[in-house]
Structures are given as structure tokens and as C-alpha cells.
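First up is the structure itself, then whatever we jot down about it.
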Amino acid sequence: MNINLTLIAQLVSFAVFVWFTMKFVWPPLVKAMDERKAKIADGLAAAERGQHEQELARERAKEYLQEAKQQAAEITAKAEKQAALIVEEAKTKAQEEGARQLAAAQAEIEQEVNRAREELRSRVAELAVAGAEKILRREIDADAHKDIVEAVAKQI
Amino acid sequence: MAGNEITSAEYIKHHLTNLTFGNHPDHGWMLAHTAEEAKEMGFWAIHVDTLFWSLSLASLFAFYFYKAAKKASAGVPSGLQNFVEMIVEFVDESVRGSFSAKNDLVAPLALTIFAWVFLMNLMDLVPVDLIPWISSALGIHYMKVVPSTDPNVTFAMAFGVFFLIIFYSIKMKGVGGFVGELTGMPFQTNNLLLKPFTTVINLILEGVNLLAKPISLSLRLFGNMYAGEMIFILISLMYGAGWVMGIFGGALQLVWAIFHILVITLQAFIFMTLTIVYLDMAHAEHH
């Protein structure tokens, strides 16, 4: 239990060990721990940011989807309208064509009728002449009564 | 395990004697053979066992912590690094909690004190006769294995802290500020006639206050460890007193050792915390 030189030796070694700890042990350990703390904080922040971004992306995707759906609906509606228009047009055209053809047919028929009438007229004239001839052969000379016959034929 | 030839008193005395190397007035430089010879050597002697154990333990601490510090990185820590960082974190938190000024010395100082005191106290848990028995087999007669039961160790640490207290007090407040702190409080007066009286009284009060710091630091640790060691020695005496007492002693030793784990850690923690607090007071303008 004597106080002696050991005290001085202990004091010196205490100083040396404190110096050693201060120089070589404490700073690197605290530095590493601080760095790790910063790293973890960064990681957590990044994770949070990622989550937030994902949320945003999901929202955006939803918006895009809605927009796309709307556009598709618009396109379909337009297409339907156009189809209806085309059908309408075709119908109108067909009707016009039909009417045109009908008119043409009617004109032809009329023409045909006219021609037939003309022919009939000439044939009737001939027939009348032939009849008159037969009648007149017995009674009159054809040449003598030609002008009368012609005048009759013209009246038909 | 006390030999049949020696009495209990001799056994205890033997356990409490350091292996001393010093300058004996009659025989010159030598290892003391008896406690009386060690006493006669006076100041010029060294406790070889104390120095050996305390320096070994401090080197152990320095080696492992240095190893961890060298490999320290911000990545995932390994086992040793984890352990070391846990202690560093603990000390760092204590320093942050009690020390308000900025000083790069305080935290490493606190870590050194905590680890070293803890390791030295830990030697108390080694059975009291084990290492002395081994060393006596090696021809070394005296062997005291718990360095913190040697007042030289505790006083050395406390004086180191005391020196730092005075150094920082003067550094932060100047010599005038430090002297003013010693003489201007707690009694304050503007009366020139009363001033000398209050100054003297204040100096006595504050001087006691200041000196009490290292003395209480060292004696608290020394007293606790010395008493704990003494009880271990007394318990081990029971082993020589028949098998009933032997078994009882064994149970007692176990209980005391378990309780002592708390004391060991607590003493290391108290020494560290008080050092931090004293240094904080040294840095503070008023206390």
C-alpha cells in the first residue's frame, strides 16, 4: 500500500494511453460511425424518394390510361360517324343512280313508243293506200286520184 | 488454500503485498522479500506486478481498439468492430450528455479511463489464489493481480485528471479567472474591509472543493476494489476451514462475484462520468 515510483510510472503510461486513444483509436472509429450514419440517412431518404416517385408514376400511368381510353372512345365515335356518313352517301348515290337509270329507261321506252307510233303511222298509211288501192282498182285509176290519197295519208 | 504453516493474518498480508522492486537502504536495488523490506524502500520502488498487469491490460485495450479503428469503415461492421463501436457510442453519449464545451481530448480520455478501469477491476473476478499460485510456482513470491487495488494506480489516474482540470481551468479562464473562481466564491462582498476575510474563507472552501475531486476519484475506486478484493480473500480463507465452510465459501464467492460484476462496471462508469463532469466544470465560466 505504499505510494512510490509506481505512481509516476502509472501517470506517464496513463498519459501515453490517452494520447494513443486520442490519436489512433477515437477519430477513425467516430469518423466511420458518422459516415455510416450519413449513409443510412441517405439510404432512407433515397428509399422515401423512390416510394414517392413510384406513387407519382402510378398516378401518371393512371392519367395516361384514362386519356388513352378517352381517345379510343373518341376515335371509335368518329369512325362510327364516318361509317354512317359513308353508308348514307352510298345510299344517296344508289338512289340517284336508280332514278337516273329509271329516267333513261323511261326515255328509251318513250323513244321506242314514238318510233313504233311513227312506224305504225307509216304502215297505216301504206295499209290505207293498199286498201284504197284494192278498192279503187275496181273503181278508179290510181294515178288519177293520187293527190286525194296523199292528202288523206297526211291527215293521219 | 492457505498453507498449514501460515496463519490467516499472514495469508491476508501476503495477498496484499505487491511485488516490489526498489532501492533498499541496506541491500541496494532488489526485489523485496517481505512487506517490511518493501516499506523500507520508501518512494524509490516500483510495484512490478501492478505495472505489469495494468500495462498489459491497457495494451490489450489499445491493441483491440486500434485493430478495430484501423479497419473501421462505413460498411456493415463485423463482430469486433461492432463491440468496439458499441463502447465508443456509449462513451460518446456520456460525453455529449455531460460535457457542453468543445474539446477533442475529453471523449478519448473518457474511453481510456472507462476501458482501463474496467479491465483492471475485472481482474478481481479471477480467483484470488490462481495467479499467485502460478507465479509462486514460477518462483515469484508476491503477486497482486488487481491493479486498481493499488492506490498508486488510482491516484495516478486521478492526478492525471486533476492536472487536466487545472490546465483547462487556466486555459479557459486565464490565471486571473481561475484564482478569482477560487477566491471570489461563494462569499461575495464589495466591502474592502471584509474582502480579505471572505477571500481567505473562499480560498479554503474552494481549495477543499478542488482537492476533493482527485482524492474522492481515486479513493472511491481504490476503496471499492480493495474492499472487494479483501472479501474475496476472506472467502477463500474459508476453504481451509473444513468442507462445510468450504462449500459455504464457494457459494459465497459465487454470489459475491456476481455482485461484483456490477461494482466493477459501476466503478469504471463513475470514474469516467466524474472525469467528464469535472472537466466540464473546468470549461464552464461559473459553477
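Below, all heavy atoms of this structure are taken into account, side chains as well, without hydrogens, waters or symmetry copies. Just so we're on the same page: letters track the sequence lines, and every chain starts at 1.
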Handout entry: Side chain A/Ser13, main chain A/Gln10, donor-acceptor under 3.5 Å
Key = yes

Handout entry: Portion of B/Phe61 that has a non-hydrogen atom of chain A nearer than 4.5 angstrom
Key = side chain

Handout entry: chain A contact via B/Gln81 - side chain, backbone, both or neither, heavy atoms under 4.5 Å
Key = side chain

Practice task
Below 4.5 Å from any heavy atom of chain B, which atoms of A/Val12 appear? Answer side chain, backbone, both or neither.
Solution key: neither

Practice task
Mind jotting down which residue pairs meet the ring pair (Phe, Tyr, Trp, His ring centres under 6.0 Å) criterion with at least one end in residues 74-93 of chain B? Sequence neighbours excluded, please.
Solution key: B/Phe90-B/Phe114, B/Phe90-B/Phe269

Exercise for the section: Pick one of side chain, backbone, both or neither for B/Val48, based on which atoms fall under 4.5 Å of a heavy atom in chain A. Expected result: neither

Handout entry: Sequence neighbours excluded - ring pair (Phe, Tyr, Trp, His ring centres under 6.0 Å) pairs with any residue from residues 93-126 of chain A
Key = none

Exercise for the section: Against chain B, work out which of A/Lys23, A/Met22, A/Lys31 has the most heavy-atom pairs shorter than 4.5 Å and name it. Expected result: A/Met22

Exercise for the section: Could you tell me which portion of B/Ser59 (side chain, backbone, both or neither) has an atom closer than 4.5 angstrom to a non-hydrogen atom of chain A? Expected result: both

Handout entry: Under 3.5 Å donor-acceptor, B/Asn121 side chain and B/Gln267 backbone
Key = no

Problem - Exam field: side chain B/Asp49 to backbone B/Leu19, donor-acceptor pair closer than 3.5 Å - result: yes

Exercise for the section: Against chain B, label A/Phe20 side chain, backbone, both or neither, depending on which of its atoms sit under 4.5 Å from a heavy atom there. Expected result: side chain

Fill in the blank from the handout: chain A shares the most heavy-atom pairs under 4.5 Å, among B/Ala115, B/Pro147, B/Ala45, B/Ser54, with B/Ala45

Practice task
Tell me, out of B/Trp116, B/Phe159, B/Phe155, who's got the most heavy-atom pairs with chain A below 4.5 Å.
Solution key: B/Trp116

Problem - Top of A/Asp34, A/Ile8, A/Val16, A/Leu11 for chain B proximity - count of heavy-atom pairs under 4.5 angstrom - result: A/Leu11

Problem - Of B/Leu80, B/Leu111, B/Leu60, the residue whose pairing with B/Phe65 passes side-chain contact (heavy atoms from CB on, under 4.5 Å) - result: B/Leu111

Practice task
Check for a donor-acceptor pair, side chain of B/Ser98 on one end and backbone N or O of B/Val95 on the other, with a separation under 3.5 Å.
Solution key: no

Practice task
Select one option (side chain, backbone, both, neither) describing which atoms of A/Ile40 are under 4.5 Å from chain B's heavy atoms.
Solution key: neither

Problem - Main-chain N/O of B/Leu274 paired with B/Lys213 side-chain donor or acceptor, under 3.5 Å - result: no

